[in-house]
Amino acid sequence: MTKQEAFEKFIVPIGPQHPALKEPGHFEFVVDGEIVTGAAIRLGYVHRGIEKGVESRNWTQNIYMLERVCGICSHIHATAYTLGVEQLANVTVPPRAQAIRTLVSELERIHSHLLWLGVAAHEGGFDTLFMFSWRDRETVMDLLETISGNRVHYSTNILGGVKIDLDEEKITAIRKGMDFLEERTHHYLKVINTDETFLGRTRGVGTMSSQQAEELSAVGPTARASGVPRDLRIDAPYAAYPEFPVRLMLSNEGDLHARFVVRMNECLEAYRLIREILDHLPEGELTVRMPRRIPEGETISRVEAPRGELAYFIKSAGGDKPDRIKIRTPSLCNWGTITSVAVGHKLADMPMLLAGIDPCFSCNDRMVRVNRANQPQLWSWEDLRLYGIEYYR
Amino acid sequence: MTELKLETPWQKALARVRTWARINSPWAIHFNSGSCNGCDIEILATLTPRYDVERFGIKLQGSPRHADVLICTGPVTLQARDRLVRIYNQMPEPKFVIAVGSCGLSGGAFQGCYNVVGSIADVIPVDVYVPGCPPRPEAIIYGVVQLLNSLKGETPDPQAKAVSEA
Ligand code: SF4
């Protein structure tokens, strides 16, 4: 954008500290009256350097490090990592451990979707729904706490298996929780589908065609709401998904409303799956022995996080630490959809549109070092700052 | 902190009213200086029906200029450091800081990562530390209550280390 143009446009800056989302991100919306004509996103406030950090920790320590990539989908990060490392070490994890992993990741999906339902409703000004959904979310938080001992970072996975087991008491508790949540989810679906004001905020807002979703490489529920059949649990089943298949939840509308419906249907599907896992929980060991040093090699491990496809590239040089780990998180893939879908909507719709992809910043803030003409440039913090100020002037 | 001159009875009474008002309705602002989200969710959970901090008059709201309490989570990243200091400076006096989570206390799991400056206390003064990864909502509420008690002039629970600035 040249300077001249910048003066003619009215830019609304939001963030990095802002009331709407709980994480720092900076947005600039170019508006013409009330209508947004352009959008830019600036991320990076919570970049911590995890990918580099894991290289100085050993394989076991890294489970805990990688769980803390994100507080919402922590289990799935650890799952992707452990599945990858187990593949490198060529060990087969007992079926009971795989089933428990799957069970916990479905519980996590429920907690994540209910959390999202609340936040998205809050962005739309529907605080009653926010409070209700978070109250019900406590049910699944309690279950996670009962089976693992912590509400957020469950640390269920260890290399070669899981460290928690399910007994009759816990199974009964989970079943009871699922019954309650199923009833509530049906109620939410009814609210989403019938509440006039809510429909006014969601129907036809932020519509993304399936072609657009493909082009912008959207993933997860955001893509599925636009009719793109993309779900790793079905396309490339991992852990216990081959034994416990899930049904694909699709919608063709592509608007915000469809995203609500798809996510709620996924919750319903998760309840079904959890009951099925509990009915057919394989007997046997929970762990197998893992070598301390992982043989040399590279692997890619892909899982379906609540927000979409999560991919880990893991490289081992044969030592007790990884050589390189690259994480590709779903939120970053979905960010691109915002900037193109936002155009033409009212500024007031922006919070909901942002919430619609279920954004999560902590996992997608990363640094890129540019090798220009093979001359790696190292910038000091001060240089970078000055450069940034100049650039955005 | 600016000293209130407590000389005349009138000023003393005024100061008492101010403290009373402050304790009964502290407004909080939340800033994430690089946390993993876990702590932020638990903070948000304290607002929801099961924990409901609003019964203590605590309100989470948007602008630093209206806030008495800064609830801060996460290790401080290089990017967030300047923003954190700016937000802290924008808050009116007297102001209090609650650091939530192991990360905010020490850098936690992210200690040694290249983009992490360290704990919150390395950047701004902190009044209450709430440990845990993440702390349970109960623990966060307990931390806030400790802060409010210390404002009242009560000695904090010996097991809790709420540092009173006043
Ligand atoms: S203390 Fe734990 S939950 Fe909180 S931000 Fe740090 S890693 Fe996340």
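Below, read A as the first sequence line, B as the second, and so on, with proteins coming before strands; counting in each chain starts at 1.
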Problem - A:R57 (side chain) donor-acceptor with A:G53 (main chain) under 3.5 angstrom - result: yes
Practice task
With a 4.5 Å cut-off on heavy-atom pairs, point out which of A:D142, A:L115, A:V54 contacts chain B the most.
Solution key: A:D142
Practice task
Take the angle between the ring planes of B:H66 and B:W27 and call it parallel below 30°, perpendicular above 60°, tilted in between.
Solution key: perpendicular
Exercise for the section: Report the option among B:L47, B:L84, B:V76, B:V116 that has the most heavy-atom pairs separated by less than 4.5 Å from atoms of chain A. Expected result: B:V116
Completion exercise
Greatest number of non-hydrogen atom pairs under 4.5 angstrom with chain A, of B:G74, B:P137, B:C133, falls to B:C133
Handout entry: Winner by heavy-atom pair count (cut-off under 4.5 Å) against chain B, out of A:M131, A:K52, A:Q61
Key = A:M131
Problem - Donor-acceptor contact below 3.5 Å, side chain B:N37 vs main chain A:I72 - result: no
Exercise for the section: For B:N115 and B:T77, test the side chains for any donor-to-acceptor distance below 3.5 angstrom and give the result as yes or no. Expected result: no
